[in-house]
Trainee: 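Below are the structure tokens for one structure; questions will follow.
All residue numbers refer to positions in the sequence shown, counting from 1. Remember, it's 1-based here, ligands and their atoms both numbered in the order they're listed. Small disclaimer: the values here were computed from a predicted structure and weren't measured.
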Amino acid sequence: MAPRGRLIVFEGGEGAGKTTQLRRLAAQLNDDRISHYVFREPGGTPLGDSIRDLLLHTDGHVEAAAEAALFIASRAQLVGAEVRPALERGKHVLLDRFLLSTYAYQIHGRGLPEEELRVANRLATRGLVPDLTVLLTMPPEMGLARAGARGAADRIERADVDFHQRVATAFAAFGTPEWQQTHPECGPIVAVDARGTVDEVGKRVSAAVYHALPELDRSTVTNA
Ligand code: T5A
């Protein structure tokens, strides 16, 4: 039986470059013939894609609890239908956002109670813990400017700067050993400075991933 695959999550505030860096790592794994799947949250399944559309493009007021419940529903579907089966078949999974986004946006950004969302997350993940989370960090105004240069902002990007500042402060805390010790359900988190060119950041990301998961680093394989 194939050993269980590894779950590698990319996290960070708006426009931090998660998708760009996740694709870069996926291309490296392809070059090295390491088979893997790529998913994003919210989304990644037909149900999740419908939920994504509701979350990002609903007009008018959305209750914070309703927003949180929709993210959790998308997560439950993705983990149960795609991520866990892939890992059990021995495939690695690269995931664009996961638990930390709920902690940053719904708990610290919207002010929802942490313990209640931890319980809801447990329901969605059934105890699945990432093998590594790459947390891309940069000042929120820099990330929002990058995301904004790309086109019209979605419902969450349009939230005020104070909200995005709370989200950024929360993400910064998640990189500390103290936070990780008290939140074992999130697994190991490595913070990577997301400032600089795509290539500069990419080299930091590769170094962090290969340090934590050396079995993915084919440059260490010798023919001796
Ligand atoms: N959310 C999500 C919650 O509130 N709770 C949850 O539980 C979850 C799971 C998802 C939204 O949902 C929220 C968070 C989000 O608001 P999304 O569209 O998936 O929405 O949003 P993001 O994940 O934020 O995606 P973005 O595309 O905005 O940001 P990325 O992926 O961090 O950035 P990326 O790679 O797309 O890059 C953004 C732009 O910057 C350029 C890229 O080319 C692109 O144009 N760029 C760089 N430019 C210069 N230098 C670099 N190094 C660059 N890297 C990328």
Side-chain angles (χ1 to χ4, degrees), residues 9-27 38-45 48-49 51-58 62-79 83 94-112 114 116-118 120-125 130 133-161 163-164 166-168 170-171 174 185-186 192-206:
V9 176
F10 282 74
E11 290 273 15
E14 308 295 329
K18 296 172 298 300
T19 310
T20 304
Q21 293 302 331
L22 185 151
R23 286 189 185 141
R24 192 178 183 278
L25 179 64
V38 169
F39 298 107
R40 70 173 175 187
E41 280 205 1
T45 63
D49 287 338
I51 293 172
R52 180 183 177 87
D53 193 41
L54 286 173
L55 277 164
L56 299 186
H57 303 298
T58 293
V62 176
E63 283 293 319
E67 178 181 279
L70 287 169
F71 279 115
I72 298 289
S74 174
R75 181 164 302 146
Q77 186 70 13
L78 182 65
V79 169
V83 175
L94 307 186
L95 182 51
D96 199 338
R97 295 194 180 277
F98 193 46
L99 299 171
L100 291 191
S101 286
T102 306
Y103 282 86
Y105 286 82
Q106 279 66 54
I107 296 172
H108 294 275
R110 304 287 192 214
L112 289 175
E114 173 161 325
E116 288 171 24
L117 277 182
R118 283 178 101 169
N121 263 326
R122 273 207 294 278
L123 180 69
T125 65
T133 295
V134 176
L135 173 58
L136 292 172
T137 59
M138 68 161 35
E141 55 281 5
M142 201 184 271
L144 284 167
R146 271 189 193 171
R150 213 182 22 192
D154 64 41
R155 188 181 63 82
I156 294 176
E157 284 168 350
R158 287 196 302 271
D160 60 42
V161 163
F163 171 83
H164 287 292
R166 287 196 297 280
V167 168
F171 272 128
F174 302 162
E185 71 277 18
C186 296
V192 171
D193 186 347
R195 292 170 298 178
T197 65
V198 170
D199 241 37
E200 286 166 348
V201 181
K203 284 182 184 139
R204 289 177 211 138
V205 169
S206 301

Trainee: Can you tell me if Ala104 has a non-hydrogen atom under 4.0 Å from ligand 1?
Mentor: no
Trainee: List every atom of ligand 1 that sits less than 4.0 Å from any heavy atom of Arg75, numbering the atoms from 1 in the order shown and giving each element.
Mentor: 7 (O), 9 (C)
Trainee: Tell me whether Arg24 at atom CZ has more than 12 heavy atoms from other residues, nucleotides or ligands lying less than 6.0 Å away.
Mentor: yes
Trainee: Using the rule side chain to side chain donor-acceptor pair (under 3.5 Å), only one of Arg97, His164, Arg166 pairs with Tyr105; which is it?
Mentor: Arg97
Trainee: Just need the protein heavy atom nearest to atom 44 (C) of ligand 1, so name the residue and atom and give the distance.
Mentor: Arg150 CD, 4.0 Å
Trainee: What is the closest protein heavy atom to atom 11 (C) of ligand 1, and at what distance does it sit?
Mentor: Leu56 CD2, 3.9 Å
Trainee: Identify, by atom number and element, the atoms of ligand 1 in contact range of Glu157, meaning under 4.0 Å from any of its heavy atoms.
Mentor: 28 (O)
Trainee: With the threshold set at under 4.0 angstrom, would you say Gly12 reaches ligand 1 through any of its heavy atoms?
Mentor: no
Trainee: Can you give the donor-acceptor pairs under 3.5 Å from side chains of residues 135-146 to other protein atoms, not counting sequence neighbours?
Mentor:
unit_1: Thr137; atom_1: OG1; unit_2: Val192; atom_2: O; d: 3.3
unit_1: Arg146; atom_1: NH1; unit_2: Ala16; atom_2: O; d: 3.4
unit_1: Arg146; atom_1: NH2; unit_2: Ala194; atom_2: O; d: 3.3

Trainee: Verify the distance criterion only: is there a donor paired with an acceptor across the side chains of Glu11 and Tyr103 at less than 3.5 Å?
Mentor: no
Trainee: Can you tell me which residue and heavy atom of the protein come closest to atom 31 (O) of ligand 1, and the distance to 0.1 Å?
Mentor: Thr19 OG1, 2.6 Å
Trainee: Which atoms from ligand 1 have a heavy atom of Thr102 less than 4.0 Å away?
Mentor: 6 (C), 7 (O)
Trainee: Measuring from non-hydrogen atoms of Arg52 to any atom of ligand 1, is the shortest distance under 4.0 Å?
Mentor: yes
Trainee: Can you tell me how far apart CG (Asp96) and CG (Leu22) are? Round to the nearest 0.5 Å.
Mentor: 5.5 Å
Trainee: For Gln106, take its heavy atoms, then give the atoms of ligand 1 lying under 4.0 Å from any of them.
Mentor: 3 (C), 4 (O), 5 (N), 6 (C), 7 (O)
Trainee: Can I get a per-line list of side-chain donor-acceptor pairs under 3.5 Å for residues 64-75, giving both atom names and the distance, sequence neighbours left out?
Mentor:
unit_1: Glu67; atom_1: OE1; unit_2: Arg110; atom_2: NE; d: 3.4
unit_1: Glu67; atom_1: OE1; unit_2: Arg110; atom_2: NH2; d: 2.9
unit_1: Glu67; atom_1: OE1; unit_2: Arg155; atom_2: NH1; d: 3.2
unit_1: Glu67; atom_1: OE1; unit_2: Arg155; atom_2: NH2; d: 2.8
unit_1: Glu67; atom_1: OE2; unit_2: Gln106; atom_2: NE2; d: 2.6
unit_1: Glu67; atom_1: OE2; unit_2: Arg110; atom_2: NE; d: 3.0
unit_1: Ser74; atom_1: OG; unit_2: Gly43; atom_2: N; d: 3.1
unit_1: Arg75; atom_1: NE; unit_2: Glu41; atom_2: OE1; d: 2.9
unit_1: Arg75; atom_1: NE; unit_2: Glu41; atom_2: OE2; d: 3.0
unit_1: Arg75; atom_1: NH1; unit_2: Thr102; atom_2: OG1; d: 2.8
unit_1: Arg75; atom_1: NH1; unit_2: Asn121; atom_2: OD1; d: 2.6
unit_1: Arg75; atom_1: NH2; unit_2: Glu41; atom_2: OE1; d: 2.7
unit_1: Arg75; atom_1: NH2; unit_2: Phe98; atom_2: O; d: 3.0
unit_1: Arg75; atom_1: NH2; unit_2: Thr102; atom_2: OG1; d: 3.0

Trainee: When you measure from atom 52 (N) of ligand 1 to every protein heavy atom, which one gives the shortest distance, and what is it?
Mentor: Gly196 O, 2.9 Å
Trainee: Under 4.0 Å from a heavy atom of Thr197: which atoms of ligand 1 are those, numbered in the order shown and with their elements?
Mentor: 52 (N)
